[in-house]
Structure formats: C-alpha cells, structure tokens
Number of protein chains: 2
Amino acid sequence: MGKRHYGQFCGLAHAADLIGERWALLIIRDLFVSPKRFTDLRRGLPRIPTNVLSARLKELETEGVVERRVLPRPDGSVVYQLTEYGRDLEDIVLALGRWGARTMGEPGPDDIVTPDALVMALRSTFHAGAADGAELRYELRVGDVVAGAHVHDGKLDATTGELPEADLVIETGPAIKGLLTRELTAAEAVTSGAVRLTGDPALLDTFVQTFHLDRDLSVTEQSRS
Amino acid sequence: MGKRHYGQFCGLAHAADLIGERWALLIIRDLFVSPKRFTDLRRGLPRIPTNVLSARLKELETEGVVERRVLPRPDGSVVYQLTEYGRDLEDIVLALGRWGARTMGEPGPDDIVTPDALVMALRSTFHAGAADGAELRYELRVGDVVAGAHVHDGKLDATTGELPEADLVIETGPAIKGLLTRELTAAEAVTSGAVRLTGDPALLDTFVQTFHLDRDLSVTEQSRS
DNA sequence: CTGGATCCCTCACGATACTG
DNA sequence: CAGTATCGTGAGGGATCCAG
C-alpha cells in the first residue's frame with residue numbers, strides 16, 4: 001500500500017509527508033517529554049482513535065522518526081521514543097508552538113491541558129538569558145495538571161508531575177496564557193485571584209522573566225535570547 | 001461550520017489546527033515566494049483539487065495567515081498573500097524543509113520540481129557567512145525549472161525564472177540534491193555530467209559553499225552560520 | 001491491566017465537470 | 001480566470017473486542 005504522497009521533490013513536501021498527517025505532531029510533542037507506552041500516549045491524546053495512533057506509530061517508525069523499543073524482562077512492555085532524527089525536530093516544534101500560541105484564544109469547554117503540553121509550553125517559552133545564574137524550582141499547576149521547572153546553570157529541566165522542593169508553587173488556570181504572553185502582569189494575576197502562589201511571591205516576576213512569549217520574535221531570536 | 005479541532009489548549013495543537021491540514025504548508029511555501037492568484041497556486045500544486053485549494057485559502061484567510069487582495073482596476077483580479085503573521089512562519093518553514101530534505105530519496109517518476117520549491121530550497125540552504133562580500137548571480141536549472149539567486153551584501157535574493165546577467169548557469173537534474181547535501185562534490189558533479197555549467201566553472205565551489213545543507217545542524221545554528 | 005486489532009460510520013479529500 | 005458542484009473513495013472518528 002503506497003502511502004499518500006504530495007508528489008513533489010522538495011524538502012518541505014517530504015517533511016509534510018513524514019509528519020504532516022493528522023495527530024503526528026502531537027504524538028511527537030508528547031514523545032519529546034519522555035518515551036511512552038501506547039497507553040501513555042492515549043492518555044495524553046484522549047481524542048485519538050487507537051487505530052490512528054497505531055497507524056501513526058507504524059508510519060513514524062518506518063520513516064525513522066520514532067523507534068519502538070521492547071523493555072527488558074520481566075516487564076517486556078513496549079515503549080516508543082524519538083530517534084535522533086526525530087529529536088532534530090525540537091527547535092521546530094518549540095517554534096511552531098510559540099507561533100500557534102500567539103493566536104490561541106480562550107480554551108473552549110472541552111479543551112484540555114495535558115502535563116506534556118504544559119512541559120512543552122515551559123520549554124518553548126524558556127529564556128536562558130533571564131535565568132542568570134540562579135537556581136530555582138517552580139511547580140506549575142494549571143487546573144489539576146502539574147509540571148515542574150528546574151532552572152539551573154542557565155538551563156531548564158521541565159518535567160511532568162509535582163516538584164517537591166519548589167521555591168514557588170504557581171496555581172492557576174487558563175490565565176497561564178496571559179501570564180506567559182505578559183498580557184497579564186504578575187501583580188494583576190495575583191490580586192485578581194487568577195493565580196495563587198505558595199512561596200515567595202516576588203519569584204513570580206522572576207518566573208515571567210524566565211518564561212514568556214515574545215510577540216515579535218522569530219525562531220532564531222527566541223532561542224538566542 | 002465548526003472546524004475540526006484537536007481540543008487541546010496548547011500552542012502546538014493550535015498551530016496544527018491552523019496549518020496542519022493537507023496542502024496548507026505547500027500553499028504557504030508558494031506564497032512565501034510571491035503573492036499569487038488562484039491559478040498560479042494551481043500551477044505550482046498541480047495535484048491539489050480546486051475545491052481543496054479553495055477551502056484551504058478560505059480557512060487560512062479567516063485564521064489570519066493569508067489575506068486575499070483584489071488588484072486595482074482594470075485588472076480587478078484577486079491575489080493571495082501571506083499576512084505578517086503568516087510571514088512569521090518563514091524560519092519554521094525553511095527549517096522544516098531542511099529537516100525533510102535530509103531523508104529525501106531519489107525522485108519518483110511522477111515527482112515534480114516547481115520553481116517555487118527551487119527558490120525555497122535556495123533560501124533554506126543559504127549560508128550568509130559563506131557569501132562573504134562578493135556579489136554573484138547564479139541561474140539554476142533543474143530539468144526545465146529555472147530559478148535565480150542573486151547574492152549581495154551577505155544577503156540572498158532568490159526568484160523564479162531566468163537571471164539574465166548570471167555569472168554562472170548551473171544545469172542539472174535530481175543531482176541537485178547531492179550537490180546541496182555535498183554527497184556529491186562539485187568536481188564529481190561536473191565530470192560525471194550530472195551538472196553542466198555555463199560561466200566560470202570555479203564558481204560552482206563558491207556556489208556549494210554558499211548553498212548547502214548541513215546534515216547535523218539545528219534550526220538555530222543553520223541561521224546563525 | 002496493556003497493546004493493540006476490528007468494525008462501522010462519517011466526512012475530508014481526490015478527481016472531474018461545470019459555471020460566472 | 002476563479003472558482004463552485006458533484007460524486008466516489010479512503011482516512012479519520014468512535015466504540016468494541018481480543019490476545020498476552
């Protein structure tokens with residue numbers, strides 16, 4: 001069965017052949033956070049039909065973007081992870097996420113936030129320059145979804161789940177978007193009640209300096225700054 | 001008409017909602033080269049059904065990625081062009097094209113090369129550093145598709161069609177890919193007959209230094225170099 | 001329980017014809 | 001030239017089922 005194909009001898013057309021099918025980019029997003037089993041992927045993408053997930057994983061595997069690995073005994077289960085070629089999409093995925101976030105409206109009633117999406121939001125809005133030597137741990141709670149950001153040595157470790165030793169716990173909801181775009185100042189966010197803090201409230205300013213979306217920055221400039 | 005929607009409050013998911021539908025990315029590619037009329041787009045994307053092209057243009061327009069402009073009288077025709085928001089995809093599109101090109105095989109019998117694809121290939125493989133002060137004009141012919149590259153002041157003007165005053169005319173076929181990936185050296189390309197030159201043959205080395213694909217470079221590094 | 005495969009239905013896409 | 005109309009097909013969506 002010959003796959004659907006744009007029929008152009010062009011890098012972009014080939015890229016679209018590889019990762020342009022429905023759900024592929026979101027599967028890749030989740031695999032950037034960590035290798036996952038079939039069921040983990042389902043949990044992060046609750047609306048994907050299992051046959052489509054199955055098909056995408058097979059396609060991405062034959063294309064060399066994802067690899068399937070069988071865990072050692074006694075578990076013997078299967079995990080999917082990005083290949084090196086797949087990981088080379090990182091800057092593109094982060095940049096595309098920033099681009100999309102700029103026109104994202106309020107969440108609809110059935111829009112969800114997943115832990116992996118939150119981790120990627122942190123990674124894509126991270127500004128190495130603003131971190132500036134300090135070591136800080138943030139726990140970010142959006143609804144009941146939790147992610148942790150550990151900033152140290154100008155680098156970021158962002159992971160799903162709680163971060164026990166956090167210097168600041170930020171509890172919020174859809175207002176997270178306004179915070180990261182800086183349409184909402186840290187002060188407003190707190191006084192309006194859109195954000196609840198545990199820890200030193202002054203650290204929220206540091207947080208938005210470290211994690212924010214610049215409306216007018218390109219791919220390159222963002223990753224440089 | 002509620003559009004199909006991933007249902008995740010996530011920048012990447014929203015980006016995929018905006019430009020993830022079939023053909024959208026290739027329409028955008030062609031509009032990066034120049035504003036176009038409906039029929040021009042058809043010519044560059046011969047396999048797109050007209051109803052799909054029509055639907056994509058409407059969607060991209062309501063999303064603010066593309067704008068429809070009616071030309072002044074007496075012509076009165078319609079052109080589509082990217083909005084500023086759409087143009088912000090440039091680095092992403094170029095990077096994605098490079099990523100895809102790395103695993104592109106030989107062209108199949110019905111794969112085509114279009115002038116716009118060739119222009120974007122030049123833009124995505126351009127290395128400002130290598131241009132180094134000199135002003136040079138290349139005319140690139142892949143099959144019967146022609147594009148021109150004018151390098152000056154460390155910048156690139158790449159356009160479709162012939163470039164009358166070219167310092168070097170490069171005539172080739174699918175071998176263009178080997179040339180740009182440097183799997184094929186300039187010398188080999190010429191002696192094997194895969195490339196025919198008109199002008200100073202030594203300029204082909206300059207060409208591949210200026211235009212090539214680095215197998216191991218990320219988005220950021222490529223645009224910096 | 002995980003890791004899918006299978007079935008059925010619908011709609012987006014593909015091909016082509018046609019119109020202002 | 002710039003699309004709209006029509007219609008068939010296959011990918012995607014949703015639910016269920018099954019093997020290890």
Side-chain angles (χ1 to χ4, degrees), chain A residues 1-8 13 16-27 30-31 34-62 66-81 110 112, chain B residues 1-8 13 16-27 30-31 35-63 66-81 110 112:
Chain A
M1 75 160 245
K3 267 204 59 191
R4 205 138 136 258
H5 184 245
Y6 282 111
Q8 299 208 355
D17 283 334
L18 295 179
I19 59 167
E21 303 270 316
R22 196 159 172 75
W23 292 106
L25 219 41
L26 296 190
I27 293 170
D30 285 6
L31 292 182
S34 63
K36 286 186 168 55
R37 292 176 302 182
F38 192 90
T39 309
D40 299 330
L41 285 165
R42 282 188 69 180
R43 215 189 328 276
L45 304 167
R47 307 235 266 212
I48 194 173
T50 61
N51 57 348
V52 173
L53 177 54
S54 193
R56 289 295 160 275
L57 287 170
K58 280 195 187 74
E59 294 159 11
L60 292 171
E61 190 190 352
T62 63
V66 162
E67 59 195 6
R68 180 192 161 101
R69 191 161 54 95
V70 178
L71 292 180
R73 285 282 164 198
D75 171 316
S77 75
V78 177
V79 292
Y80 297 91
Q81 59 190 20
D110 49 353
I112 63 171
Chain B
M1 68 150 230
K3 266 206 61 191
R4 204 136 136 259
H5 184 242
Y6 281 110
Q8 298 209 355
D17 283 334
L18 295 180
I19 59 167
E21 303 271 314
R22 197 157 172 74
W23 292 106
L25 218 43
L26 295 191
I27 293 170
D30 285 6
L31 292 182
K36 284 185 172 53
R37 292 176 302 182
F38 192 89
T39 309
D40 300 330
L41 286 165
R42 281 189 69 179
R43 213 188 330 275
L45 305 168
R47 308 235 274 217
I48 194 174
T50 60
N51 57 350
V52 173
L53 177 54
S54 193
R56 287 299 160 272
L57 288 170
K58 280 197 188 74
E59 294 160 11
L60 291 171
E61 190 189 352
T62 63
E63 291 159 354
V66 162
E67 59 196 6
R68 179 193 159 101
R69 191 160 54 95
V70 178
L71 293 180
R73 284 283 164 198
D75 169 316
S77 75
V78 177
V79 292
Y80 297 91
Q81 59 189 19
D110 50 353
I112 62 172

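Note: hydrogens, waters and symmetry copies are ignored here, and every other heavy atom, side chains too, is used. To find a chain, count down the sequence lines: A is the first, B the second, and so on, and within it residues start at 1.
- Here the CD1-CG distance, from A:Ile19 to A:Leu26, works out to 11.0 Å after rounding to the nearest 0.5 Å.
- Checking the phosphate oxygens (OP1, OP2) of C:dA5, a side-chain nitrogen or oxygen of A:Lys58 falls inside 4.0 Å.
- Within 6.0 Å of CZ in B:Arg42 there are 12 or fewer heavy atoms belonging to other residues, nucleotides or ligands.
- Here D:dG3 is the nucleotide among D:dG3, C:dT2, D:dG12 with the atom lying nearest to any side-chain atom of B:Phe38.
- The terminal axes of the helix from C:dC1-D:dG20 to C:dG20-D:dC1, fitted over 5 pairs per end, subtend an angle of 30° to the nearest 10°.
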Using a cut-off of 4.0 Å between protein heavy atoms and nucleotide atoms, how would you tag nucleotides 13-20 of chain D 5' to 3' with B, S and -?
BBB-----
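- Annotation: the span from B:Tyr6 atom OH to A:Ile112 atom CD1 amounts to 13.5 Å, rounded to 0.5 Å.
- The pair A:Glu59-A:Arg56 counts as a salt bridge, with a side-chain nitrogen and a carboxylate oxygen less than 4.0 angstrom apart.
- Salt bridge B:Arg37/B:Asp75: absent, no basic N to carboxylate O contact under 4.0 Å.
- Side-chain contact between B:Leu31 and B:Leu60 is absent, with no heavy atoms from C-beta onward closer than 4.5 Å.
- Heavy atoms of B:Arg43 sit nowhere under 4.0 angstrom from any nucleic acid atom.
- One finds the CD atom of A:Gln8 at 9.5 Å from the CG atom of A:Asp17 (value rounded to the nearest 0.5 Å).
- For A:Ser77 and C:dT2, the shortest distance from a side-chain N or O to OP1 or OP2 is not below 4.0 Å.
- In this structure, A:Ser54 does not reach the C:dG4 phosphate: none of its side-chain N or O atoms is under 4.0 Å from OP1 or OP2.
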